Amino acid sequence: MLSTNIPEESGKKSLHFIEQIVENDLKEGKNGGKIATRFPPEPNGYLHIGHAKAICLDFGIAKQYGGTCNLRFDDTNPVKEDVEYVDSIMEDIQWLGFQWDNLYYASDYFGKLYDFAIEMIKRGLAYVDEQSAEVIASQKGTPTSPGTNSPFRDRSIEENLDLFLRMQAGEFEEGSHVLRAKIDMAHPNMHFRDPLMYRILKLSHHRTGDTWNVYPLYDYAHGQSDYFEGITHSLCTLEFEVHRPLYDWFVDQLKTDEYRPRQIEFNRLNITYMVMSKRKMLQLVKEGKVSGWDDPRMPTLCGLRRRGYTPESIRSFVDKIGYTKFDGIIDLSLLEFTIREQLNKIAPRVAAVLDPIKLTVTNYPEGQVEWNEAINNPEDETAGSHSVPFTRNLLVEREDFMEEAPSKYFRLCPGREVRLKNAYVVTCTGCAKDADGNISDVFCEYIPETKSGQSAADRKVKGTIQYVTAEHSLPAEVRLYDRLLSVPNPSEEKDKDFMELLNPDSLKVLTNARVEPILKDAEPLDHFQFQRIGYFNLDPDSTPEKLVFNRTVSLKDTWGKIADKMTK
RNA sequence: UGUCUCAUGGUGUAAUGGUAGCACUACAGUUUUUGGUACUGUCUGUCUAGGUUCGAAUCCUGGUGAGACAACCA
């Protein structure tokens with residue numbers, strides 16, 4: 001149970017394995033009873049929903065146990081990193097509802113790390129290798145066969161010291177020298193086969209500028225940074241499991257007291273039909289398959305936000321999936337459930353017609369307008385109501401009329417009655433067709449005493465449909481988003497080109513939609529339920545002249561299932 | 001012929017030697033001025049073979065299957 005959720009329930013729910021570890025450590029009095037975590041993104045891309053899982057854990061554990069959580073940018077590789085990403089990462093964390101206690105950069109520790117590297121050389125634990133990357137790689141051996149020692153492995157401490165200082169002084173070219181830890185080239189864990197600690201990069205760093213010519217690598221920097229910050233629980237994903245012994249080894253070289261940080265791994269988030277790899281997301285953006293990092297089909301936090309997902313719904317989702325060491329794949333429907341669950345409670349109900357067809361109330365006077373009350377949200381009594389117009393000339397959804405319909409069809413069909421929401425029961429009387437035989441008009445007659453609140457308002461009808469008036473409704477563009485991939489998991493189709501797996505129907509744009517007049521006052525990203533259709537929000541690209549709505553998620557579509565059954 | 005890790009319904013996750021539970025999904029029903037919501041019900045599970053024990057999803061051993069590791073990435 002994360003502290004981001006309702007505290008009353010915290011006693012009922014069982015603890016996941018990381019919470020148990022933390023509580024045990026607390027019970028045993030480790031690290032003086034302190035809890036300190038960190039969220040360590042590399043500023044080389046946008047945060048996505050997988051990061052949300054890590055963020056909720058790192059910040060959640062700290063909050064839950066009265067500890068602290070730092071934001072630390074893991075900026076040890078100036079090749080890939082950019083200031084642009086730093087800002088978006090901070091913004092997205094705060095949008096999700098979290099605030100860091102301290103803001104650090106791994107580059108803050110470059111000086112300390114450099115000094116300690118020198119210390120390790122002096123202790124005979126590190127050496128400078130002058131071989132090429134290819135040669136070093138070939139000497140590493142394979143997972144099933146041991147590696148061989150570098151010819152430079154046993155040079156003197158003085159020589160190593162001299163070379164390392166000259167590496168930093170800029171005397172050597174990139175790739176010509178590296179600093180390696182001297183451990184064991186035959187170790188069964190490949191990460192112990194003399195791992196690289198420093199490489200030469202003659203690049204300007206986004207924070208340290210041109211101060212450094214050598215930059216530390218992950219394995220040397222991460223545990224050390226945790227140690228410098230007093231992190232007690234260093235939470236990361238499962239692929240770092242094999243690194244943990246090395247993490248501990250480096251910390252052992254550094255530590256001078258009882259305190260030590262502890263790395264714990266949990267399972268990475270996978271969701272069906274979602275592209276979660278940074279490389280593939282970048283490819284989608286670069287090749288223009290999506291409109292950008294914040295395209296509503298993207299799993300990025302900014303994409304989900306634009307799509308209409310709320311921070312609460314994402315936190316609720318993360319809470320439901322839990323933390324284990326099992327590499328599974330979450331069904332997309334669980335994510336969709338959490339946003340439906342929340343939007344059902346908060347989204348005002350409005351009428352919208354995506355594919356309009358004229359419905360004329362033939363016995364209603366031309367030119368007459370009445371304004372009826374429409375409840376904003378039946379789930380929330382405090383949400384109030386607004387007025388909707390009713391006239392002779394209405395627009396309804398094209399699929400809400402069938403000239404010949406099966407018995408289970410509860411909408412407009414000649415001879416049948418339906419209720420027009422908030423107004424009257426009408427009897428459908430027929431339709432008109434154009435020269436090509438397409439239905440152009442639908443006709444009905446209203447029954448005056450069936451108006452909401454009147455004597456016959458309780459008249460039993462099986463269907464209720466929504467409508468807008470031809471005179472008052474506003475034109476709008478509606479974007480329907482679907483799953484981006486056509487298969488649940490692209491890794492199951494490894495032999496296929498990733499781009500071939502994209503769902504061609506992932507975006508449909510409807511340009512003839514009509515919406516209630518009240519929507520002209522909406523703010524960007526405001527949530528609505530278009531009744532009987534789905535949840536939508538107003539896109540930030542909207543203008544007063546052109547309203548643009550994004551569909552967050554569709555309603556549960558029982559009618560679609562009935563229709564499927566009838567056609568079989 | 002390596003090291004590390006994992007295996008509970010369709011999916012995810014509980015049960016820490018004592019009634020295999022929860023959520024999503026699917027299906028059925030009740031309510032409903034949204035074919036939405038809410039409520040009720042149904043289906044479906046401990047990878048396998050041994051062992052320890054009064055009792056095993058849980059502990060032990062062997063098998064099987066899956067994932068991570070051979071970047072001067074993190």
Side-chain angles (χ1 to χ4, degrees), chain A residues 13-17 20 40-42 44 74-77 79-81 106 129 132-133 136-138 140-147 174-180 187-193 196-201 215 217-219 221-222 236-245 265 267 272 278 320-338 340-341 344-345 349 351 375 377-379 408-411 418-423 425 450 452 457-459 461-466 488 529-535 554-562:
Chain A
K13 194 171 169 183
S14 56
L15 303 176
H16 58 69
F17 80 104
Q20 291 176 24
E42 182 184 14
N44 71 341
D74 223 338
D75 56 350
T76 56
N77 185 1
V79 177
K80 292 160 61 182
E81 292 148 10
D129 200 336
S132 69
I136 290 177
S138 69
K140 283 223 170 176
T142 70
T144 53
S145 63
E174 285 185 17
S176 64
H177 294 66
V178 290
L179 183 72
R180 303 177 70 179
H187 201 285
N189 181 340
M190 292 205 62
H191 294 281
F192 276 76
R193 324 246 258 231
L196 274 61
M197 294 165 61
Y198 272 94
R199 80 288 218 187
I200 299 171
L201 291 173
Y215 290 90
L217 281 120
Y218 171 85
D219 281 311
H222 201 92
C236 62
T237 47
L238 241 27
E239 67 265 28
F240 292 101
E241 232 162 9
V242 207
H243 293 248
R244 188 183 346 124
E265 310 84 14
N267 56 344
T272 55
K278 251 178 205 174
K320 283 177 168 56
I321 61 179
Y323 298 89
T324 68
K325 293 174 89 81
F326 176 70
D327 243 323
I329 182 161
I330 308 279
D331 202 304
L332 178 60
S333 60
L334 184 60
L335 179 63
E336 294 183 335
F337 167 77
T338 60
R340 264 197 216 105
E341 183 185 42
N344 176 53
K345 290 178 189 144
R349 273 59 169 170
I375 299 293
N377 186 350
E379 308 298 314
K408 281 189 176 175
Y409 184 82
F410 301 146
R411 289 177 259 174
V418 298
R419 173 169 291 281
L420 297 177
K421 177 94 178 165
N422 305 312
V425 172
T450 60
S452 301
D458 59 347
R459 186 171 179 130
V461 287
K462 284 197 171 162
T464 300
I465 65 173
Q466 53 148 7
Q529 187 197 92
F530 289 176
Q531 292 174 87
R532 294 207 19 249
I533 301 172
Y535 295 101
S554 59
L555 256 39
K556 275 196 184 174
D557 184 11
T558 312
W559 163 246
K561 286 169 195 163
I562 294 170

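Letters A, B, ... are given to chains in the order of the sequence lines, protein chains preceding strands, and every chain is numbered from 1. Treat the numbers as computed from the prediction; the structure is a model and nothing was measured.
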Under 4.0 Å between a side-chain N/O of A:Thr76 and OP1 or OP2 of B:A74, yes or no?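 Yes.
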Side-chain N or O of A:Asn267 less than 4.0 angstrom from OP1 or OP2 on B:G67?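 Answer is no, no contact under 4.0 Å.
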Just call it for [X]: base, sugar-phosphate, or nothing, with non-hydrogen atoms closer than 4.0 Å on any strand.
| X | answer |
| --- | --- |
| A:Ser145 | nothing |
| A:Ile533 | nothing |
| A:His243 | base |
| A:Lys408 | base |
| A:Ser333 | sugar-phosphate |
| A:Phe192 | nothing |
| A:Thr272 | nothing |
| A:Phe17 | nothing |
| A:Lys325 | sugar-phosphate |
| A:Ala221 | nothing |
| A:Arg193 | nothing |
| A:Phe326 | sugar-phosphate |
| A:Leu238 | nothing |
| A:Gly322 | nothing |

Between [N] and [M], how far apart are the two [atom1] atoms, rounded to whole Å?
| N | M | atom1 | value |
| --- | --- | --- | --- |
| B:U46 | B:C6 | C1' | 15 Å |
| B:A68 | B:C73 | C1' | 16 Å |
| B:C43 | B:U5 | C1' | 34 Å |
| B:A28 | B:U33 | C1' | 25 Å |
| B:G9 | B:C4 | P | 27 Å |
| B:C69 | B:A49 | C1' | 31 Å |
| B:C72 | B:G65 | C1' | 36 Å |
| B:A23 | B:C39 | P | 10 Å |

Could you tell me how the ring of A:His187 sits relative to the ring of A:Phe192: parallel (under 30°), tilted (30 to 60°) or perpendicular (over 60°)?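 A:His187 vs A:Phe192 ring planes: parallel.
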Answer whether the closest heavy-atom distance between the side chains of A:Leu420 and A:Ile465 falls below 4.5 Å.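 Answer yes - side chains close enough.
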Below 4.5 Å, heavy atoms only, C-beta onward: do A:Ile200 and A:Tyr215 meet side chain to side chain?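 Sidechains of A:Tyr215 and A:Ile200: no contact.
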Minimum heavy-atom distance A:Ala351-A:Gln531, with the two atoms named: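 Minimum heavy-atom contact is N-NE2, 3.9 Å.
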Taking all heavy atoms of A:Ala106 and all of A:Asp75, pick out the closest pair and write down the distance.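 Heavy atoms of A:Ala106 and A:Asp75 come nearest at N-OD1, 3.2 Å.
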Pairing string of RNA chain B (Watson-Crick or G-U wobble, both atom distances under 3.5 Å; | = paired to other strand) is .((((((..((((....[..)))).(((((.......)))))....(((((..]....))))))))))).....
Starting from [atom2] on [N], measure out to [atom1] on [X] and report it in whole angstrom.
| X | N | atom1 | atom2 | value |
| --- | --- | --- | --- | --- |
| A:Arg459 | B:U32 | CZ | P | 18 Å |
| A:Ile329 | B:U25 | CD1 | P | 17 Å |
| A:His191 | B:G2 | NE2 | P | 17 Å |
| A:Arg532 | B:U37 | CZ | P | 13 Å |
| A:Asp557 | B:U37 | CG | P | 11 Å |
| A:Leu335 | B:U25 | CG | P | 12 Å |
| A:Asn44 | B:C73 | CG | P | 12 Å |
| A:Glu239 | B:C69 | CD | P | 8 Å |

Under 3.5 Å donor-acceptor, A:Asn377 side chain and A:Lys345 backbone: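 Looks like yes, one N/O pair under 3.5 Å.
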Whether A:Arg419 side chain and A:Arg459 backbone form a donor-acceptor pair below 3.5 Å: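 It does not hold such a pair.
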State which residues pass salt bridge (charged side-chain N to carboxylate O under 4.0 Å, His left out) with A:Lys462; sequence neighbours excluded, sorted by chain then number.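 With neighbours one apart ignored, the set is empty.
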Partners meeting salt bridge (charged side-chain N to carboxylate O under 4.0 Å, His left out) with A:Asp129 (sequence neighbours left out):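 A:Asp129: salt bridge (charged side-chain N to carboxylate O under 4.0 Å, His left out) contacts with A:Arg180.
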Donor/acceptor link under 3.5 angstrom from A:Glu265 side chain onto base of B:U5: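 Donor-acceptor pair under 3.5 Å: no.
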Do we get A:Arg411 above A:Trp559's six-membered ring, with its NZ or CZ under 6.0 Å from the centre and within 45° of the axis?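 Yes - A:Arg411 lies over the ring of A:Trp559, closer than 6.0 Å to its centre and within 45° of its axis.
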Between A:Thr324 and A:Asn267: side-chain donor-acceptor atoms closer than 3.5 Å: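 The answer is yes; a qualifying pair exists.
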Of all the nucleotides listed ([options]), which has the minimum atom distance to the side chain of [X]?
| X | options | answer |
| --- | --- | --- |
| A:Tyr218 | B:U34, B:A74, B:G35 | B:A74 |
| A:Glu379 | B:G36, B:U34, B:U25 | B:G36 |
| A:Thr464 | B:U34, B:G67, B:A70 | B:U34 |
| A:Asp331 | B:U11, B:G35, B:A68 | B:U11 |
| A:Arg419 | B:U33, B:A70, B:A26 | B:U33 |
| A:Pro188 | B:G2, B:C73, B:C24 | B:G2 |
| A:Lys556 | B:A26, B:C73, B:G35 | B:A26 |
| A:Leu555 | B:G36, B:C4, B:G35 | B:G36 |
| A:Ala137 | B:A70, B:G35, B:A71 | B:A71 |
| A:Thr144 | B:G67, B:G2, B:U33 | B:G2 |

